[in-house]
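For reference, the structure is listed below as structure tokens.
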Amino acid sequence: TIEDSEILKEDDNHWPEPDRVGRQELEVVCGKEHISFTTSKIGSLSDVQASKDPEGLRVFYYLVQDLKCFVFSLIGLHFRIKPV
């Protein structure tokens with residue numbers, strides 16, 4: 001998922017700075033690459049469109065959404081399994 005998203009090609013220099021509303025951080029270690037992203041809370045896709053780097057922030061936004069769904073699915077699966 002990480003490699004398919006191509007997040008490693010992005011740069012957070014033009015993304016909104018974290019503010020009093022909050023912050024989002026993502027740290028990725030993939031092979032020998034280690035990269036960290038930080039931005040303000042993203043409320044909706046319109047926040048992404050209004051940024052200075054909408055394409056890069058869109059990649060980040062969708063990757064975070066995909067990772068959230070994956071983690072919540074794993075948690076749900078864990079609690080649904082009944083031992084025999």
Side-chain angles (χ1 to χ4, degrees):
T1 302
I2 301 288
E3 290 174 351
D4 289 343
S5 74
E6 298 184 346
I7 191 71
L8 297 173
K9 296 179 182 176
E10 301 302 331
D11 186 358
D12 65 355
N13 285 334
H14 298 290
W15 296 358
E17 291 292 321
D19 54 19
R20 61 183 177 83
V21 174
R23 69 190 296 131
Q24 285 182 280
E25 295 183 41
L26 178 67
E27 186 172 359
V28 178
V29 178
C30 192
K32 293 184 178 185
E33 291 191 70
H34 182 204
I35 192 164
S36 180
F37 299 99
T38 305
T39 188
S40 63
K41 285 272 189 185
I42 302 172
S44 67
L45 211 47
S46 63
D47 295 339
V48 171
Q49 304 281 0
S51 74
K52 293 179 184 174
D53 179 19
E55 187 57 39
L57 199 54
R58 187 177 302 111
V59 170
F60 176 81
Y61 176 80
Y62 283 122
L63 176 61
V64 168
Q65 295 300 318
D66 290 346
L67 292 174
K68 280 184 194 176
C69 287
F70 177 68
V71 169
F72 288 138
S73 295
L74 287 176
I75 291 170
L77 183 63
H78 173 75
F79 288 108
R80 273 190 226 130
I81 297 175
K82 295 180 182 175
V84 177

query = Taking the side chain as C-beta and beyond, is there a heavy-atom pair between D66 and S5 under 4.5 Å?
reply = no
request  = State, with a plain yes or no, whether a side-chain heavy atom of V21 is found less than 4.5 Å away from one of S40.
outcome  = no
query = Are L8 and L63 connected, step by step, through hydrophobic side chains (Ile, Leu, Val, Met, Phe, Trp, Tyr) whose heavy atoms are closer than 4.5 Å?
reply = yes
task = Could you point out which residue of T38, D53, I42, L57 forms a side-chain contact (heavy atoms from CB on, under 4.5 Å) with P16?
result = L57
inquiry  = Would a single hydrophobic cluster contain both V64 and L45, if residues Ile, Leu, Val, Met, Phe, Trp and Tyr are joined by side-chain heavy-atom contacts under 4.5 Å?
reply    = yes
message = Any heavy-atom pair between the side chains of D12 and T39 that's under 4.5 Å?
response = no
request  = Applying salt bridge (Lys or Arg N to Asp or Glu O under 4.0 Å), name anything that partners E25, two or more places apart in sequence or on another chain.
outcome  = R23
key: Pairs touching residues 36-62 that satisfy ring pair (Phe, Tyr, Trp, His ring centres under 6.0 Å), sequence neighbours left out   = W15-F37, W15-F60
Cluster check V71, F79: I/L/V/M/F/W/Y, side chain < 4.5 angstrom = yes
query = E3: what forms a side-chain hydrogen bond (donor to acceptor under 3.5 Å, both in side chains) with it, not counting sequence neighbours?
reply = none
Heavy-atom neighbours of Q49 CD exceed 12 at 6.0 Å = yes
V48 versus S51, closest heavy-atom pair with distance = O-OG, 2.9 Å
remark   = side-chain hydrogen bond (donor to acceptor under 3.5 Å, both in side chains) filter on E27, not counting sequence neighbours, yields H34
note = By salt bridge (Lys or Arg N to Asp or Glu O under 4.0 Å), K9 pairs with (sequence neighbours left out) E6
ask   = Which residues satisfy the side-chain hydrogen bond (donor to acceptor under 3.5 Å, both in side chains) test with S46, sequence neighbours excluded?
value = S44
